[in-house]
Amino acid sequence: MCVASATLVVWSSAWLAGRAAADDVLDAMQVWAERHELEVADPRAAELTELAANCPVPFTDLLPVLRRLSSPMALVLPAPGDPRGLDAGGPFTKAALQAGEAVVLPDAGIGLTPRDVDGLLRWHVHHLVSSPVIEHVGLAQAEEELTTAVRDSAAALAELQVANERPDADDALRAHLRARPPLNWPDGMPGRSLRVLQRADEVAAILSLANADDPGGALSASAAAHRAAALRGPAAAVRTARTAAVAEAARILSEQPNRR
């Protein structure tokens with residue numbers, strides 16, 4: 001499934017363009033947790049955002065900050081060995097890698113990372129120690145890379161003879177997809193972004209089932225390592241597809257204002 005940071009980027013972009021109300025943004029975020037709050041992670045972030053430091057603040061305070069900063073937002077989906085979109089090893093990088101997701105405002109020097117605290121989603125607001133490079137990948141390229149990665153991974157697993165066949169695979173996949181939270185997207189959400197997100201969710205679900213079945217048909221440590229390596233390509237392609245789909249959605253929603 002997609003992530004809370006993706007919901008925040010898309011809905012905030014729609015709100016900033018006048019395509020959604022503030023309550024729409026807050027309602028969309030409740031899919032991920034009933035309660036959200038902000039916590040400023042360092043004095044520089046407090047200075048940049050004008051948010052109170054050393055204590056949690058209401059999540060609603062984020063929206064006027066986003067309007068005042070007037071910076072494009074980007075979804076970041078880092079993983080060990082894949083630090084794309086992060087700063088140069090600062091606290092934000094560590095928090096984003098732990099969360100596996102983040103929102104970056106590169107022009108403002110701010111990054112947000114979510115952390116679940118007993119059902120409360122606390123968003124930590126960091127200043128960036130360096131300007132991250134936000135890689136632009138077009139949707140067509142992202143789709144192609146996803147398809148290629150899945151095909152290559154399947155071929156590699158078959159060649160290694162470590163692809164474990166599950167008689168209940170189709171049922172398990174459908175159950176996994178049904179368990180996703182019912183995401184809601186703003187009016188004007190581009191259909192191609194939705195299609196890429198759906199395809200990425202399907203591949204991610206397959207990977208989740210494969211990882212749960214680890215080591216699959218691997219009968220040795222070496223075979224298990226090769227199996228894990230074959231699954232890393234599709235996982236990286238899923239992250240690329242999701243970030244590309246969200247970036248395209250945010251761009252289109254921002255460039256087609258509909259003042260409410």
Side-chain angles (χ1 to χ4, degrees), residues 1-16 20-42 45-46 48-69 71-79 85-87 90-105 108 110-128 132 176-186 189 197 200-201 204-205 208 238-239 242-243 245-247 249-250 253:
M1 65 183 174
C2 215
V3 293
S5 295
T7 300
L8 181 57
V9 169
V10 172
W11 275 99
S12 296
S13 297
W15 173 73
L16 288 168
D23 285 346
D24 295 332
V25 181
L26 302 177
D27 288 346
M29 295 304 297
Q30 283 198 316
V31 168
W32 301 104
E34 288 190 9
R35 294 179 56 219
H36 297 253
E37 68 181 20
L38 302 174
E39 184 170 311
V40 178
D42 57 80
L48 291 170
T49 61
E50 300 179 13
L51 292 171
N54 303 319
C55 65
V57 298
F59 187 71
T60 52
D61 289 359
L62 177 62
L63 295 182
V65 170
L66 295 178
R67 189 178 293 284
R68 184 171 62 252
L69 292 176
S71 171
M73 289 172 283
L75 170 67
V76 177
L77 297 174
L86 302 182
D87 57 1
F92 169 71
T93 286
K94 181 179 180 180
L97 284 168
Q98 288 177 340
E101 60 173 292
V103 176
V104 171
L105 288 75
I110 290 293
L112 297 97
T113 57
R115 183 167 65 91
D116 185 279
V117 182
D118 297 327
L120 163 73
L121 204 57
R122 180 172 294 156
W123 293 82
H124 294 267
V125 184
H126 304 259
H127 91 281
L128 305 178
H176 192 94
L177 292 171
R178 283 196 301 269
R180 296 175 300 172
L183 298 184
N184 182 31
W185 300 108
M189 181 74 171
L197 287 172
D201 281 355
S208 179
V238 165
R239 295 193 298 274
R242 284 173 168 166
T243 54
V246 168
L253 291 169

TODO: For the pair Asp87 and His126, evaluate side-chain contact (heavy atoms from CB on, under 4.5 Å) and give the outcome as yes or no after the intermediate values.
DONE: CA-CA 11 Å; Asp87 57 1; His126 304 259; over 6 Å; no
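- For the residue pair Ala96 and Pro78, the shortest heavy atom distance occurs at O-CG, 3.5 Å.
- The shortest non-hydrogen separation linking Leu121 to Ala33 is CB-CB, 3.8 Å.
- Closest of all the heavy-atom pairs between Leu128 and Gly111 is CD2-N, 3.8 Å.
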Open item on the list: If you apply the rule side-chain contact (heavy atoms from CB on, under 4.5 Å), what do you find for Leu77 with Val3, and how did you get there?
Closed with: CA-CA 9 Å; Leu77 297 174; Val3 293; 3.8 Å; yes
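- Taken from CZ in Phe92 to CD1 in Ile110, the straight-line distance is 10.0 Å, to the nearest 0.5 Å.
- For the pair Glu50/Val65, no side-chain contact is recorded, criterion being any heavy-atom separation below 4.5 Å from C-beta on.
- How far CD of Glu37 is from CZ of Arg122: 4.0 Å, rounded to the nearest 0.5 Å.
- One finds the CD atom of Glu101 at 11.0 Å from the CG atom of Leu112 (value rounded to the nearest 0.5 Å).
- Closest of all the heavy-atom pairs between Leu105 and Met73 is CG-CG, 3.8 Å.
- The local environment of CZ in Arg68 is crowded, with over 12 non-hydrogen atoms from other residues, nucleotides or ligands closer than 6.0 Å.
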Task: Criterion side-chain contact (heavy atoms from CB on, under 4.5 Å) on Leu86 and Leu97, from CA distance to verdict - done: CA-CA 9 Å; Leu86 302 182; Leu97 284 168; 4.0 Å; yes
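- Of the possible polar contacts, one joining the His36 side chain to the Met29 backbone as a donor-acceptor pair under 3.5 Å is found.
- To the nearest 0.5 angstrom, Trp32 atom CH2 is 5.0 Å from Leu183 atom CG.
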TODO: For side-chain contact (heavy atoms from CB on, under 4.5 Å), just list the numbers for Val25 and Ser12, CA-CA rounded to whole Å, side-chain angles, deciding distance to a tenth of an Å, and then say yes or no.
DONE: CA-CA 6 Å; Val25 181; Ser12 296; 4.2 Å; yes
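- Side-chain contact check for Leu38 versus Leu51: some heavy-atom pair is nearer than 4.5 Å.
- No donor-acceptor pair closer than 3.5 Å links the side chain of Trp11 to the backbone N or O of Ala6.
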TODO: Evaluate the criterion side chain to side chain donor-acceptor pair (under 3.5 Å) for residue pair Thr113 and Trp123; output intermediate values, then yes/no.
DONE: CA-CA 5 Å; Thr113 57; Trp123 293 82; over 6 Å; no
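- Between the side chain of Asp24 and the main chain of Ala21, a donor-acceptor pair closer than 3.5 Å is present.
- Between Arg35 atom CZ and Asp118 atom CG the span is 10.5 Å, to the nearest 0.5 Å.
- Rounding to the nearest 0.5 angstrom, the gap separating the CG atom in Leu8 from the OG atom in Ser13 is 8.5 Å.
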